[in-house]
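In this text, all values refer to a predicted model and were calculated from it rather than measured experimentally. These numbers come from the heavy atoms of this one structure, side chains and all, not from hydrogens, waters or symmetry mates. We're numbering straight along the sequence, starting at 1.
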Amino acid sequence: MSMFKSMNISASALTAQRLRMDVISSNMANVDSTRGTYRNGQWEPYKRKVVETAAKENSFKSYLQKASGTDKGIGSGVHITRIKEDDAPFRLVFDPEHPDANEEGYVQLPNVDPLKEMVDLMSASRSYEANVTVFNASKGIMMKTLELGK
């Protein structure tokens with residue numbers, strides 16, 4: 001295991017959590033956006049976006065170690081697989097005065113739940129903080145190791 005592997009793993013997690021927080025911020029900013037995407041000749045409300053992550057296994061060495069049985073179960077970090085749209089139904093609100101209201105007077109609003117977004121934001125923030133702590137601990141261990149050579 002290389003000396004900087006723990007720092008690389010933490011850095012990949014920091015990047016993933018930062019992107020999660022950015023996507024959550026976008027969802028919160030568009031909680032009332034009735035015009036998000038133009039499809040089938042009409043405007044659809046903004047659709048909530050969700051970040052999907054997966055374990056990073058991008059080297060031939062990791063596949064070779066798994067095949068030979070010498071894999072020690074040490075991960076390589078995390079990466080973003082995709083940012084997908086949530087397929088939950090839109091919210092309907094009765095507002096006949098709204099310019100985007102349908103014939104019955106209902107307006108389709110985005111499928112963004114601010115409470116759910118806040119919980120996701122807290123989770124991403126805590127994960128980010130935990131990975132900063134791990135990164136700093138790795139850095140401290142390396143500094144102590146360098147001091148041994150004095």
Practice task
Keeping the roles fixed (side chain from Ser127, backbone from Ser123), state whether a donor-acceptor pair exists under 3.5 Å.
Solution key: yes

Exercise for the section: Kindly check if the number of other-residue, nucleotide or ligand heavy atoms within 6.0 Å of CD (Glu97) is above 12? Expected result: no

Exercise for the section: Side-chain contact test, heavy atoms from C-beta onward, threshold under 4.5 Å: evaluate it for Val107 versus Leu92 and give yes or no. Expected result: no

Practice task
Could you list all the ring pair (Phe, Tyr, Trp, His ring centres under 6.0 Å) pairs where at least one residue sits in residues 84-132, not counting sequence neighbours?
Solution key: Phe94-Tyr106

Practice task
Indicate yes or no: does Asp22 engage Arg18 in a salt bridge with an N to O separation below 4.0 Å.
Solution key: yes

Handout entry: Shortest non-hydrogen separation from Val31 to Pro114 and the atoms involved
Key = CG2-CG, 3.8 Å

Practice task
Please check if Leu121 and Leu14 belong to a single hydrophobic cluster, counting links between Ile, Leu, Val, Met, Phe, Trp and Tyr side chain heavy atoms closer than 4.5 Å.
Solution key: yes

Exercise for the section: Decide yes or no for Asn30 and Pro110: does some side-chain heavy atom of the first lie under 4.5 Å from some side-chain heavy atom of the second? Expected result: no

Exercise for the section: Answer with yes or no whether the hydrophobic clustering places Met122 together with Met21; edges join I, L, V, M, F, W, Y residues whose side-chain heavy atoms lie under 4.5 Å apart. Expected result: no

Completion exercise
When Lys49, Arg126, Arg48 are each screened for salt bridge (charged side-chain N to carboxylate O under 4.0 Å, His left out) with Asp120, the one that passes is Arg48

Fill in the blank from the handout: Contacts of Asp95 meeting salt bridge (charged side-chain N to carboxylate O under 4.0 Å, His left out) (sequence neighbours excluded), chain-then-number -> none

Exercise for the section: Check whether any side-chain N or O of Ser10 sits under 3.5 Å from a backbone N or O of Met7 as a donor-acceptor pair, and report yes or no. Expected result: no

Practice task
Taking all heavy atoms of Glu117 and all of Val112, pick out the closest pair and write down the distance.
Solution key: CG-CG1, 3.7 Å

Practice task
For the pair Arg35 (side chain) and Glu44 (backbone), establish whether a donor and an acceptor sit closer than 3.5 Å, ignoring hydrogens and angles.
Solution key: no

Fill in the blank from the handout: Output for pair (Ser12 OG, Gln17 CD), nearest 0.5 Å, gives 10.0 Å

Handout entry: Cluster check Tyr46, Met28: I/L/V/M/F/W/Y, side chain < 4.5 angstrom
Key = no

Exercise for the section: Using atom types as modelled and distance alone, determine if a side-chain donor or acceptor of Thr81 lies under 3.5 Å from a backbone N or O of Ala54. Expected result: no

Handout entry: Ala88 backbone acceptor or donor facing Asn111 side chain under 3.5 Å
Key = yes

Completion exercise
CG of Asn131 to CG of Asn136, rounded to nearest 0.5 Å, is 11.0 Å

Problem - Residues clustering with Val23 (ILVMFWY side chains joined when closer than 4.5 Å, directly or via others) - result: Leu19, Val51, Ile80, Ile83

